[in-house]
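Worksheet: one structure, shown below.
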There are 2 protein chains.
Amino acid sequence: MKETWMAKLKEKGMRITAQREAIVDILLNSEKALDPLEVYDLTRQSHPSLGVVTVYRTMECLEHLGLLQKVHQACGCNKFLKLKEGHHHLLICTNCGKAVYFEGLNFENAFSEIAENNNFLLQDHWLQLSGLCPRCQKI
Amino acid sequence: MKETWMAKLKEKGMRITAQREAIVDILLNSEKALDPLEVYDLTRQSHPSLGVVTVYRTMECLEHLGLLQKVHQACGCNKFLKLKEGHHHLLICTNCGKAVYFEGLNFENAFSEIAENNNFLLQDHWLQLSGLCPRCQKI
DNA sequence: TACTTATTGAAATTGATTTTCATTATCAAT
DNA sequence: ATTGATAATGAAAATCAATTTCAATAAGTA
Ligand SMILES: [Mn+2]
Ligand SMILES: [Mn+2]
Ligand SMILES: [Zn+2]
Ligand SMILES: [Zn+2]
């Protein structure tokens, strides 16, 4: 997976740096969405000289490259999660933040109908479920 | 409607002030979600001496009283909209911000099923549609 | 190895929100 | 109506995230 990400960076003419690799490592290994400051703290554990600005810039790039997705939660709206191919929605743990993509719901038609009834031209939809993940239910 | 809101403030032991009335007026007459600074600017047109802090504080109160709801949009996550009774979802214009509550979708069962399949204990869901309102389609 | 240029990070800047606190205004009790 | 307790206000300072600037550094190509 990391190879794919770094390849995509290279493909866009961007350089491979130790900082970028470290940031990508953190994001790829996280099962929850992280904001830039969280990534900064986590990455600095192995790269103490890293600057915050680099984290902001790198995460913005990764989003533009379609590798990261912005996720809004009660605990913050600047969180980013690795994006999965295709159209999916998220199920997020309110306790630990664990995020799971799920498929199987196809509401697109129902959404169109609602929009039509209100004379809106539907452009997008935002659907997210939240609850307790298996582990957090036991605690 | 305004009477209801002011009554609720009083009921909670809060005082009726000119500032609060002005802020409530703006929020009740807006058909789109507004953030504190927008409310500040709008309210100052009639109350130039109003302070920003008062707007922040008042809007926070109104949210706690269940009169306002926080609404997340691409253009910002600090926007508040007057809350409608009952369980509804929103349809929001991406151009002018016009917000419409709609009913008629009942996906609760489908959501529960998805959660179960992933061994999550469902607590909440978030659904929002976006598109162009009738007026913005013509422009 | 040398060179071009993207990248980096410290520091300054911006902008939103919160905190502090002295002053003012509301409202209930006289 | 007057008074008094105290809730509310707003200017100013403080905080915090995020962005901009810029000189130094490092990546990748020739
Ligand atoms: Mn969908
Ligand atoms: Mn619902
Ligand atoms: Zn969890
Ligand atoms: Zn519109």
Quick note, B:L37 side chain, CB onward, closest among C:dT26, C:dT17, C:dT8 is C:dT17
Taken to the nearest whole Å, CG/A:D41 to P/D:dC16 is 14 Å
Whole-Å distance, B:E63 CD to C:dT17 P, equals 13 Å
By nearest-nucleotide position on DNA chain D, the 5'-leaning member of B:R44 and A:E60 is B:R44
Atom CG of A:L50 and atom P of C:dA10 are separated, to the nearest Å, by 9 Å
*Check whether any side-chain N or O of A:N78 sits under 4.0 Å from OP1 or OP2 of D:dA17, and answer yes or no.*
no
The side chain to side chain contact (heavy atoms under 4.5 Å, CB included) partners of B:N119 (sequence neighbours excluded) come to A:P134
Do B:Q123 and A:T94 get their side chains close enough for a donor-acceptor pair, meaning under 3.5 Å?
yes
Looking only at D:dG10, C:dT26, D:dG28, the nucleotide nearest the B:T17 side chain is C:dT26
From the candidates C:dA6, C:dC27, C:dT19, the one with an atom nearest any side-chain atom of A:R15 is C:dA6
Taken to the nearest whole Å, CZ/B:R20 to P/C:dA25 is 15 Å
To the nearest angstrom, the CD-C1' distance between A:E21 and C:dT7 comes to 14 Å
Q: Answer with yes or no after comparing the ring centroid distance for A:H125 and B:H89 against a 6.0 Å cut-off, counting only values under it.
A: no
The residue, A:D35 or A:K10, whose nearest nucleotide of DNA chain D is more 5′ is A:D35
Whole-Å distance, B:Y56 OH to C:dT17 C1', equals 5 Å
Requested in this report: Tell me, with the steps shown, if B:L67 and B:L83 meet side-chain contact (heavy atoms from CB on, under 4.5 Å).
Outcome: CA-CA 5 Å; B:L67 299 171; B:L83 195 47; over 6 Å; no
Result for 5'-nearest mapping on DNA chain C, choosing between B:R57 and B:A18, is B:R57
In whole angstroms, the gap separating C1' of D:dG10 from NE2 of B:H47 amounts to 14 Å
It should be established whether B:Q19 places a side-chain nitrogen or oxygen under 4.0 Å from OP1 or OP2 of nucleotide C:dA25. no
In whole angstroms, the gap separating P of D:dA27 from CE of A:M6 amounts to 12 Å
* To do: Inspect the surroundings of NZ in A:K84 and state if more than 12 heavy atoms from other residues, nucleotides or ligands are less than 6.0 Å away.
  => yes
Within the structure, does a side-chain N or O atom of B:T54 lie under 4.0 Å from either OP1 or OP2 of D:dG10?
yes
